[in-house]
Amino acid sequence: MRIVLGVGGGIAAYKVASLLRLFTEAGHDVTVIPTEAATRFVGVATWEALSGHPVSNSVFDAVHTVNHVRLGHEAELIVVAPATADLLARAATGQADDLLTNTLLMAGDCPVLMAPAMHTEMWQHPATEANVETLRSRGVTVLEPASGRLTGADSGPGRLPEPEAIFSAAMALAGASVATAGAPAAPSAAPAGAPAAPSAAPAAVRALTGLTVTISAGGTREPLDPVRFLGNRSSGKQGVALAAAALEAGARVRLLAAHMEVPAPAGVEVVQVETALELRKAALHAAADSDVVIMAAAVADFRPADVSGTKIKKRDDVADPVINLVRNPDILRELVEVRDAASRDQLIVGFAAETGDAGGDVLEYARDKLHRKACDLLVVNQVGQDLVFGEDTNSVVILSRDGSEPQEASGSKSDVAAAVIDRISAELSRAVPPA
Ligand SMILES: Cc1cc2nc3c(=O)[nH]c(=O)nc-3n(C[C@H](O)[C@H](O)[C@H](O)COP(=O)(O)O)c2cc1C
């Protein structure tokens, strides 16, 4: 595959030499385009030696090859790492003031993945947030940065995700399984002092390598007026733990994030949603190219029938307002119907938060829900004010539509996530007949 690897001017540029080696060792043809600032951190000689191609950052070099048009036209995948705040801004506003931004504008249908790295203040600045949103709305995959130690003594979200995570996300985005990404090059003689190429082999045997997993997390908020909403107690911790476990298993992970109290893991694609209707739209869109869909978000069953455009006032001369509710669509059921109508090969997992009552216990309600929704697996937990929501531990039962023995899992939310991802992997391997 022909890959353009854009490198931005941040400290993390040195880590991208390892990413480049992962691509070349997997048999891909990589042209590196560092920005002017990037060459202050890692020299052109390094990129040329490791890629085996001439490297430039100017549209006025080798003009006879029309690089500023050709590279974008020919690319089958463009990866930018580290994507600086400046590069995100230039890409979002469509500037073309160097070879890399020209190439991004010429990308056409080519998948583009950007892996940001910068200080937390820059990442969380409204200007950067708006640029990221703009890029994502245009179909660019912008990964979440990792949290941890930054360039100085400070730490927080803004670290470049590890090269292996960027590599997995890029391969999945391009639809190229790591295992089949082209004939792995024979162990090449690395130039003296070149960064050791992290082996792609472990990624190739991970259970979800090459698969796209969409996960919803957090709680939806249903507006009443511009300042008030009906919400729920979901913290998003279980969904985020699932995203981390799926990433660890080698998947490309897309997180449909409703209101969450915890950050998304580094290396996942985030689609922010607020209401159940927004989540429905995002889920149906994301499901179209997903191998697995896990609906772990707490979705409001009802929303206010009327949303006031202005703040509802407390007035002595008017009766207190009554909130009328209307039913939200059943997203899980709809996902199953769309999948079945399209005969799509896709595993759909629902979550059921039940309290149990005089009419039945938690498992009875859950079995009923599994029957109604017709998803493949249903992860059931008992919830209550002090149970599950916001806690770091969980205890679940995994029910299967094929009626197999319920499976229990408990421990930290990461333990539960690992058990759910293991179960999904087992279901997928059972579904694929041996070659
Ligand atoms: C030591 C040093 C480290 C920097 N690290 C980053 C960084 O990690 N992320 C970032 O967005 N900008 C960083 N900058 C600022 C960028 O280099 C600067 O915004 C530059 O204009 C980016 O150019 P480019 O986007 O064309 O690569 C750093 C600057 C210096 C001097």
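Since the model is a prediction, treat every value here as computed from it, not as a measurement.
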Salt bridge flag under 4.0 Å for residues [X] and [Y]:
X	Y	answer
Arg339	Asp376	yes
Asp330	Lys373	yes
Arg280	Glu334	yes

Could you tell me whether the side chains of [X] and [Y] share a donor-acceptor contact shorter than 3.5 Å?
X	Y	answer
Asp98	Thr101	yes
Asp61	Ser56	yes
Ser412	Asp415	yes
Ser425	Glu427	no
Ser404	Asp402	yes
Asn232	Ser234	no

Answer yes or no: is there a side-chain heavy-atom contact under 4.5 Å between [X] and [Y]?
X	Y	value
Met118	Leu88	yes
Ser216	Ile294	no
Arg70	Met106	no
Gln272	Val270	yes

Are the side chain of [X] and the backbone N or O of [Y] linked by a donor-acceptor pair below 3.5 Å?
X	Y	result
Arg401	Cys375	yes
Arg221	His259	no
Thr128	Met122	yes
Asn381	Ser395	no
His125	Ala127	yes
Glu144	Val268	no
Ser137	Thr134	yes
Thr24	Leu20	yes

Pairs under 3.5 angstrom only: tabulate donor-acceptor contacts from the side chains of residues 238-245 to other protein residues two or more places apart or in another chain.
{"unit_1": "Gln238", "atom_1": "OE1", "unit_2": "Asn394", "atom_2": "ND2", "d": "3.0"}
{"unit_1": "Gln238", "atom_1": "NE2", "unit_2": "Lys413", "atom_2": "O", "d": "3.0"}

To the nearest 0.5 angstrom, please state how far the [atom1] atom of [X] sits from the [atom2] atom of [Y].
X	Y	atom1	atom2	result
Leu77	Leu173	CG	CG	6.0 Å
Asn67	Asn57	CG	CG	11.5 Å
Asn328	Thr220	CG	OG1	7.0 Å

Taking all non-hydrogen atoms of both residues, which atom of [X] and which atom of [Y] are closest, and how far apart?
X	Y	answer
Ala305	Val326	CB-CG1, 3.9 Å
Ala276	Val299	CB-CG1, 3.6 Å
Ala81	Leu160	CB-CD1, 4.2 Å
Ala115	Ile166	CB-CD1, 3.8 Å

So with a 6.0 Å cut-off around [atom1] of [X], is the heavy-atom count from everything else above 12?
X	atom1	answer
His53	NE2	yes
Glu36	CD	no
Arg40	CZ	no
Glu129	CD	yes

I'd like a table of donor-acceptor pairs (distance under 3.5 Å, sequence neighbours excluded) in which one partner is a side-chain atom from residues 246-255, with atom names and distances.
{"unit_1": "Arg252", "atom_1": "NE", "unit_2": "Glu269", "atom_2": "OE2", "d": "2.6"}
{"unit_1": "Arg252", "atom_1": "NH2", "unit_2": "Glu269", "atom_2": "OE1", "d": "3.4"}
{"unit_1": "Arg252", "atom_1": "NH2", "unit_2": "Glu269", "atom_2": "OE2", "d": "3.4"}
{"unit_1": "Arg254", "atom_1": "NH1", "unit_2": "Thr214", "atom_2": "OG1", "d": "3.1"}
{"unit_1": "Arg254", "atom_1": "NH1", "unit_2": "Ala286", "atom_2": "O", "d": "3.2"}
{"unit_1": "Arg254", "atom_1": "NH1", "unit_2": "Asp289", "atom_2": "OD1", "d": "3.1"}
{"unit_1": "Arg254", "atom_1": "NH1", "unit_2": "Ser290", "atom_2": "OG", "d": "3.4"}
{"unit_1": "Arg254", "atom_1": "NH2", "unit_2": "Asp289", "atom_2": "OD1", "d": "3.0"}
{"unit_1": "Arg254", "atom_1": "NH2", "unit_2": "Asp289", "atom_2": "OD2", "d": "3.1"}

Are the ring centres of Tyr14 and Phe41 closer than 6.0 Å?
no

Ring-plane angle category for His28 and Phe23, please: parallel below 30°, perpendicular beyond 60°, tilted otherwise.
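Correct class here is perpendicular.
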
I'd like to know whether Leu335 forms a side-chain contact (heavy atoms from CB on, under 4.5 Å) with Met295, so could you lay out the CA-CA distance, the side-chain angles of the two residues, the decisive distance to 0.1 Å, and finally the verdict.
CA-CA 10 Å; Leu335 285 167; Met295 294 301 285; 3.7 Å; yes

